[in-house]
Every structure is written in structure tokens, then in C-alpha cells.
Amino acid sequence: MTGLPAAGRTDRSVVELDREQALALLAQAPFGRVVYTRDALPAIRPVNHLLDGGCVIVRTRLGSQFSTAVQKRAGIVVAYEADDIDIERRTGWSVVVTGIARAVTDATRLARYQQLLRPWIDSPMDGVIEIEATIVSGIRLADTHRPPTADGH
């Protein structure tokens with residue numbers, strides 16, 4: 001037996017998160033996934049992020065497909081998703097932010113984000129994209145027999 005809960009258990013519930021709860025959990029996540037349109041089809045890329053003033057900030061290469069999509073179409077709508085799911089306990093959370101993505105061009109902000117947000121790969125990350133948190137939704141998968149811990153499980 002793998003230790004997974006038996007199928008059909010009903011001791012879990014889905015709890016809707018308010019905006020502040022969802023953004024607080026997102027701020028704790030080390031990475032997420034940006035969803036954007038490429039050639040009229042959805043594309044998804046994992047990236048690390050930070051939250052700043054109601055925006056999700058990600059670094060990218062200026063020549064990347066995501067960066068190019070943002071630069072080609074002013075005001076492109078994207079989604080950003082992050083989660084933390086404990087498969088064995090079947091608890092955790094998921095947050096989705098939907099909003100307009102824009103390239104950050106202000107030199108002071110670029111320098112600040114380049115200092116705060118370190119790339120995970122050994123490749124130049126010379127672009128910064130901000131995503132407005134226009135629509136924020138989130139859920140928590142909760143064990144109905146005990147309250148969630150500080151990490152959302």
C-alpha cells in the first residue's frame with residue numbers, strides 16, 4: 001500500500017480563499033506557471049516570481065517566447081498559477097492570478113527586481129514582466145478533521 005488515502009474519502013473539503021489569503025499563499029510559493037497565448041494557442045512556462053504592490057513579477061529572457069508575446073501585444077492577458085499540494089494527505093492550496101502583463105522598462109525598477117529575483121538557471125535573464133493581479137482566485141483543499149497549518153496544509 002502506498003499510504004494514499006482510500007478512494008472515496010469524504011473528510012476533505014474545498015475552501016474558497018479571499019484575495020488577501022490567496023496572495024499571501026502565492027507570496028510563499030517558490031515558483032509558479034505563467035499561461036499566455038502563443039500563435040493563438042495556450043502556452044505554459046514555469047518561472048519563479050515575487051509579489052510587489054499587487055503585481056506578480058517574473059524575470060525572463062528578452063528573446064523568450066513569453067517575453068516576445070508580451071512585447072508584441074500591449075496589454076496581453078495572462079494567467080499565473082502556483083500551488084502546494086500534499087499528495088499523500090490530499091491537502092494544500094492553489095492560486096490563480098489573471099491580469100495584464102507588461103514589460104517593466106523603468107531602470108530603477110528593473111535593477112530592483114534583478115536584485116530581488118534570482119534566476120534558477122544559468123542563463124541571462126535580462127527582462128522583467130509584471131502581471132497585474134486583476135482577478136485573484138484560490139482554493140484550499142482542507143482536512144475537515146483538523147485546521148490547516150500555517151503553510152496552507
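- With values rounded to the nearest 0.5 angstrom, Gln65 atom CD is found 4.0 Å from Arg38 atom CZ.
- Summarising the geometry of Ile57 relative to Glu130, their closest heavy-atom pair is CD1-CB, 3.6 Å, with the distance given to 0.1 Å.
- In terms of the side-chain contact (heavy atoms from CB on, under 4.5 Å) criterion, residue partners of Leu116 (sequence neighbours excluded) are, by chain and number, Leu50, Arg112.
- For Arg59 (side chain) and Gln114 (main-chain N/O), a donor-acceptor pair under 3.5 Å exists by modelled atom type.
- Cluster annotation: Val35 is not connected to Val95 through the hydrophobic network of ILVMFWY side chains, with a link wherever side-chain heavy atoms come within less than 4.5 Å.
- Of all the heavy atoms in Trp93 and Ala82, the pair that sits closest is CZ3-O, 3.4 Å.
- Here Glu81 pairs with Arg33, Asp83, Ser94, Val96 under the side-chain contact (heavy atoms from CB on, under 4.5 Å) rule; sequence neighbours left out.
- With hydrogens and angles disregarded, no donor-acceptor distance shorter than 3.5 Å links the side chain of Asp84 to the backbone of Ala29.
- Ring pair Tyr80/His49 is perpendicular by interplanar angle, where above 60° counts as perpendicular and below 30° as parallel.
- Of the possible donor and acceptor atoms, one in the side chain of Ser64 sits under 3.5 Å from a partner among the backbone N and O of Arg61.
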key: Test log, rule side chain to side chain contact (heavy atoms under 4.5 Å, CB included), inputs Arg12 and Thr91   = CA-CA 8 Å; Arg12 301 290 182 268; Thr91 59; 4.0 Å; yes

ask   = Passes side chain to side chain contact (heavy atoms under 4.5 Å, CB included), Thr60 versus Arg45? Steps please.
value = CA-CA 10 Å; Thr60 184; Arg45 291 290 177 260; over 6 Å; no

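- A continuous path of hydrophobic side-chain contacts links Val136 to Val47 [ILVMFWY only; heavy atoms under 4.5 Å].
- Considering every non-hydrogen atom in both Glu132 and Val97, the closest pair reads O-CG1, 3.9 Å.
- Side chain of Asp18 to main chain of Glu20: a donor-acceptor pair is present (N/O by atom type, distance under 3.5 Å, no hydrogens or angles).
- Once rounded to the nearest 0.5 Å, the distance linking CD1 of Ile139 with CG of Leu25 reads 11.5 Å.
- Among all heavy-atom pairs drawn from Arg19 and Thr134, the shortest one is NH1-O, 3.7 Å.
- Grouped by direct or indirect side-chain proximity (heavy atoms under 4.5 Å, Ile/Leu/Val/Met/Phe/Trp/Tyr only), Val77 sits with Ile100.
- The side-chain contact (heavy atoms from CB on, under 4.5 Å) test applied to Ala101 returns Val70, Ile76, Val78, Ile129, Ile131, not counting sequence neighbours.
- Checked against ring-ring contact (aromatic ring centres under 6.0 Å, His included), Tyr113 has no partners two or more places apart in sequence or in another chain.
- Every side-chain contact (heavy atoms from CB on, under 4.5 Å) that Asp106 has, sequence neighbours left out, goes to Thr108, Arg109.
- Smallest separation of non-hydrogen atoms from Val58 and Leu117: CA-CD2, 3.8 Å.
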